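Heads up: the structure comes next, in C-alpha cells.
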Amino acid sequence: MSNFIIEHGLIVIFRGVELEKIPAVAQALYDGGARIVEVAFNPSDKDTVAKTTAIIKKIYETMGDKLMVGAGTVISTEFVDAAAQAGAKFIFSPNTDTEVIKRTKELGLVSIPGAFTPSEVMTAYNTGADIIKMFPITKDDIGYLINITRPLSHVPFICVGGTNPDTIEDFIKAGAKGVGTGISILKPELINNDDYAEITNLTKLHLDKIKEARLSLE
C-alpha cells in the first residue's frame with residue numbers, strides 16, 4: 001500500500017467537510033483522478049472520534065474500494081485504534097510519536113508520521129514509518145528540502161503544507177515523492193456551492209502537475 005501511495009503521489013485531505021457532502025465530494029475527487037484521501041481528526045473537538053470515523057465509513061460506503069482512505073492528525077494511539085476500526089488504511093500524523101508509529105504497524109497500516117528535522121525523520125523511519133510527511137513546509141523551504149533529501153535519499157518524503165499547483169513542481173524536483181493537500185482542492189466555497197465540477201477540475205490539475213514534474217526528472 002505504501003508503494004501505491006508513492007506511485008500515485010497525491011493525498012487529498014478532508015478537513016471540515018460535512019457528512020452529508022461526503023458522497024458528492026468523494027465522487028468528484030475520484031472523477032478527477034484522485035485515489036487516496038485522508039480524513040483529519042480535530043483534537044480540539046471532544047466528539048472528533050465519532051465524527052471522523054463516521055466520515056471514513058461514509059466514504060467507503062459511497063466509493064467502496066475505489067478510494068484508499070486514511071486518517072490524519074493522528075496524535076494518539078486512541079486515534080489509531082479508532083481509525084483502524086473504521087477502515088482506515090494509513091495513518092497520517094503532524095508529528096513524530098513513536099508509540100503512534102508502533103501501534104500503526106502492529107495493526108498492519110501504513111505509517112506516515114510528520115517530521116522536519118533529520119533527527120525526527122530518522123527516529124520515525126527507524127521506528128517503522130513507511131513514508132515521512134515533511135511538515136510543515138512551504139515554497140520558501142525548497143532549499144531545506146533539497147538539503148535533507150540528499151543525505152536521506154533512502155527515505156520517501158511527502159510534502160504537506162503550502163502544496164498547490166504553483167508549488168508542486170518545486171517540491172517534486174526537490175525530492176518529494178508526492179504531496180498532500182486539502183484547501184487547494186476542497187475549497188470551502190466550492191463545497192458550500194456544490195461546485196463539484198470544479199473540485200474535479202482542480203484534482204486533475206494537481207495530478208497533471210505531479211506528472212509533469214516527474215517527467216521533467218526523467
Side-chain angles (χ1 to χ4, degrees), residues 1-15 34-43 48-49 52-53 56 67-138 141-142 144-163 167-168 171-182 210 214:
M1 286 190 291
S2 61
N3 287 337
F4 176 73
I5 293 172
I6 291 169
E7 289 168 7
H8 184 64
L10 175 67
I11 298 176
V12 182
I13 302 168
F14 279 72
R15 188 184 300 276
R35 296 296 180 265
I36 307 166
V37 299
E38 172 228 303
V39 182
F41 283 96
N42 178 4
T48 191
V49 169
T52 303
T53 54
I56 292 172
L67 289 176
M68 177 189 289
V69 186
T73 317
V74 179
I75 59 172
S76 69
T77 55
E78 175 194 1
F79 286 2
V80 177
D81 290 341
Q85 290 170 11
K89 297 296 189 294
F90 63 91
I91 298 297
F92 227 38
S93 299
N95 63 320
T96 295
D97 184 320
T98 56
E99 293 306 309
V100 167
I101 297 169
K102 290 175 183 176
R103 184 58 178 159
T104 299
K105 299 310 296 178
E106 286 173 1
L107 295 174
L109 307 180
V110 176
S111 172
I112 313 176
F116 192 77
T117 69
S119 294
E120 289 175 337
V121 170
M122 290 314 302
T123 295
Y125 195 68
N126 289 335
T127 303
D130 299 285
I131 303 167
I132 298 299
K133 169 185 174 181
M134 179 59 69
F135 176 83
I137 193 164
T138 70
D141 300 311
I142 292 298
Y144 178 80
L145 180 62
I146 292 171
N147 285 331
I148 198 172
T149 54
R150 282 176 177 168
L152 303 181
S153 59
H154 62 299
V155 178
F157 290 92
I158 288 178
C159 289
V160 182
T163 53
T167 61
I168 285 173
F171 286 127
I172 299 296
K173 287 184 175 181
K177 301 300 183 183
V179 299
T181 184
I210 292 171
R214 288 174 170 176

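Numbering of residues begins at 1 and proceeds along the displayed sequence. This structure is a prediction, so every number in the text was calculated from the model and none was measured.
A donor-acceptor distance shorter than 3.5 angstrom exists from the side chain of T149 to the backbone of A174, with no hydrogens or angles considered. Not a single donor-acceptor pair under 3.5 Å links the side chain of T52 to the backbone N or O of V49. Remark: side-chain polar atoms of R214 are paired, donor with acceptor, to backbone N or O of K177 under 3.5 angstrom. Of the possible donor and acceptor atoms, one in the side chain of T167 sits under 3.5 Å from a partner among the backbone N and O of G162.
With sequence neighbours excluded, the residues forming a side-chain hydrogen bond (donor to acceptor under 3.5 Å, both in side chains) with T181 are S184, listed by chain and number. For E78, the side-chain hydrogen bond (donor to acceptor under 3.5 Å, both in side chains) test picks out no residue, with sequence neighbours left out.
In this pair, Y144 and F116 present their aromatic rings parallel. The plane angle is below 30°, not in the 30 to 60° band.
In this structure the side chain of L10 reaches within 4.5 angstrom of the side chain of H8, judged on heavy atoms. Between M1 and F90, the closest side-chain pair of non-hydrogen atoms is not below 4.5 Å. Side-chain atoms of I132 and P156, non-hydrogen and from C-beta on, never get closer than 4.5 Å to each other. Looking at heavy atoms from C-beta onward, P43 lies out of side-chain contact with T48 at the 4.5 angstrom threshold.
The aromatic ring centroids of F157 and F171 lie 6.0 Å or more from each other.
Listed by first and then second residue, the side chain to side chain donor-acceptor pair (under 3.5 Å) pairs involving residues 84-97 are Y60-K89 (not counting sequence neighbours).
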